[in-house]
Amino acid sequence: MSAPRRKPLLAWEPLPYLVVVVLLIATSAIRPESPPWLFWPFTIALVAAIGWVVAGLVRRRSTNPDQWGDLATLDGLELVDAPHLEREVRAVAPVADVRRHQPAIELARLHGGPDQPAVLVPRANRWLSRRYRIGVQLVGGDRPRHAGFLGEAIDEHWRDRLDALARRGGYVRVPARITGAARPFGVELDLSGLEHAVPATTSTPEAG
């Protein structure tokens, strides 16, 4: 089954906030003295929208990965290692959007060094975007840190396989290198072992 390309509208995180804002603006016209058939349904809708916002905040804290594909910990995850394999063709991929995550990358380098593993997380996205991407979480040091996303072409090639693996609770761990001695840092992934770890017909993952 093909992985979805975009997050459903009702699961898009900014939507409840937008609904609450619209309803709060409407309070200037809908007052307690308004007709009951208008005031009470409006009040129920406003309370429900606020509850929707609160539920989203609670869900973010209780899931790993969270709704944006960020990892809080590796505990409880089933990891499939894709170590470096010697190949004739170089299989190193730069991580996209690293400019937005320089503080996190710098902390990952500080705690885990320039060479450390990274976990690939499908169905990740930026907060204001509905487009699903494969997130890259650096996992050297004390905790995972979001470094960016796979590039579009690589994402397209691996999306369905990694998504199928994640639906069974498995996530791939690949070697990563943080390039540069100071900001702006880059991140490169060694994907040479990915084909072996996640073949076209994925089997049940083994814990890494």
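Reckoned from all heavy atoms, side chains included, excluding hydrogens, waters and symmetry mates.
- Checked by atom type and distance alone, the side chain of Asp155 pairs as donor or acceptor with a backbone atom of Ile134 at under 3.5 Å.
- In this structure Arg31 satisfies the side-chain contact (heavy atoms from CB on, under 4.5 Å) test together with Glu33, Ser34, sequence neighbours excluded.
- Residues Pro184 and Arg99 fail the side-chain proximity criterion, which asks for heavy atoms closer than 4.5 Å.
- Side-chain contact between Pro94 and Val187: absent, with no pair of heavy atoms (C-beta onward) separated by less than 4.5 Å.
- Under the 4.5 Å side-chain heavy-atom criterion for Ile, Leu, Val, Met, Phe, Trp and Tyr, Trp37 and Trp40 are members of the same hydrophobic cluster.
- A search for ring pair (Phe, Tyr, Trp, His ring centres under 6.0 Å) contacts involving His146 returns His101, Phe149, not counting sequence neighbours.
- Tyr132 and Val172 sit in two unconnected hydrophobic clusters of ILVMFWY residues. Membership requires side-chain heavy atoms under 4.5 Å apart, directly or through other members.
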(request) Apply the test side-chain contact (heavy atoms from CB on, under 4.5 Å) to residues Glu188 and Val95: give CA-CA distance (whole Å), side-chain angles for both, the deciding distance (0.1 Å), then the verdict. (result) CA-CA 6 Å; Glu188 294 180 345; Val95 176; over 6 Å; no
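- Residue Val98 comes nearest to Gly186 through the heavy atom pair CG2-CA, 4.5 Å, listed as atom of the first residue, atom of the second, then distance.
- Grouping the Ile, Leu, Val, Met, Phe, Trp and Tyr side chains by contacts below 4.5 angstrom, directly or via other members, places Ile25 apart from Val53.
- Counting heavy atoms from C-beta outward, Val174 and Asp190 have side chains that stay 4.5 Å or more apart.
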(request) Run the numbers on Leu18 and Val22 for side-chain contact (heavy atoms from CB on, under 4.5 Å), then give the verdict. (result) CA-CA 6 Å; Leu18 294 175; Val22 170; 5.5 Å; no
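- Atom CG of Asp70 and atom CG of Asp66 lie 4.5 Å apart (nearest 0.5 Å).
- Of the possible donor and acceptor atoms, none in the side chain of Gln137 sits under 3.5 Å from a partner among the backbone N and O of Leu120.
- Minimum heavy-atom separation, Leu191 to Ala93: CD1-CB, 3.7 Å.
- The structure places CG of Asp75 at 8.5 Å from CG of Asn64, a figure rounded to the nearest 0.5 Å.
- Here Leu46 contributes atom CG and Thr27 contributes atom OG1; the two are 7.5 Å apart, rounded to the nearest 0.5 Å.
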(message) I'd like to know whether Leu77 forms a side-chain contact (heavy atoms from CB on, under 4.5 Å) with Leu71, so could you lay out the CA-CA distance, the side-chain angles of the two residues, the decisive distance to 0.1 Å, and finally the verdict.
(response) CA-CA 10 Å; Leu77 298 183; Leu71 296 175; 3.7 Å; yes
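- Leu24 is connected to Ile30 through a chain of hydrophobic side-chain contacts under 4.5 Å among Ile, Leu, Val, Met, Phe, Trp and Tyr, so both are in one cluster.
- Listed by chain and residue number, nothing satisfies the side-chain hydrogen bond (donor to acceptor under 3.5 Å, both in side chains) test with Arg109 (two or more places apart in sequence, or in another chain).
- Note on Val21 and Leu9: separate hydrophobic clusters, where clusters join Ile, Leu, Val, Met, Phe, Trp and Tyr whose side-chain heavy atoms are under 4.5 Å apart, directly or indirectly.
- In this view, Glu156 and Arg159 satisfy the side-chain hydrogen bond (donor to acceptor under 3.5 Å, both in side chains) rule, not counting sequence neighbours.
- Here the shortest heavy-atom pairing between Pro41 and Pro36 reads CD-O, 3.5 Å.
- Of all non-hydrogen atoms in Pro144 and Val139, the two that sit nearest each other are CB-CG1, 4.0 Å.
- When all heavy atoms are compared, the tightest approach of Ala82 to Pro175 is O-CD, 3.3 Å.
- Residue pairs satisfying the side chain to side chain donor-acceptor pair (under 3.5 Å) criterion with at least one member in residues 114-128, sequence neighbours excluded, are listed as follows: Lys7-Asn125, Asp115-Arg177, Arg123-Asp163.
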(message) Please evaluate residues Leu107 and Leu138 with respect to the criterion side-chain contact (heavy atoms from CB on, under 4.5 Å), reporting the C-alpha separation (whole Å), side-chain torsions for both, the decisive distance (0.1 Å), and the verdict.
(response) CA-CA 10 Å; Leu107 284 172; Leu138 293 170; over 6 Å; no
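- Residues Leu23 and Phe42 are in side-chain contact: their nearest non-hydrogen atoms beyond the backbone lie under 4.5 Å apart.
- Under the 3.5 Å distance criterion, the side-chain polar atoms of Asp81 are left unmatched by any main-chain donor or acceptor of Pro83.
- In terms of heavy-atom proximity, Ala124 sits nearest to Gly69 at CB-CA, 3.9 Å.
- By the side-chain hydrogen bond (donor to acceptor under 3.5 Å, both in side chains) test, Glu195 is found to be paired with Arg161, residues two or more places apart in sequence or in another chain being considered.
- Once rounded to the nearest 0.5 Å, the distance linking CG of Leu74 with OH of Tyr171 reads 11.5 Å.
- When each of His111, Arg145, Arg183 is paired with Glu106, the side-chain hydrogen bond (donor to acceptor under 3.5 Å, both in side chains) condition holds for Arg183 and for no other.
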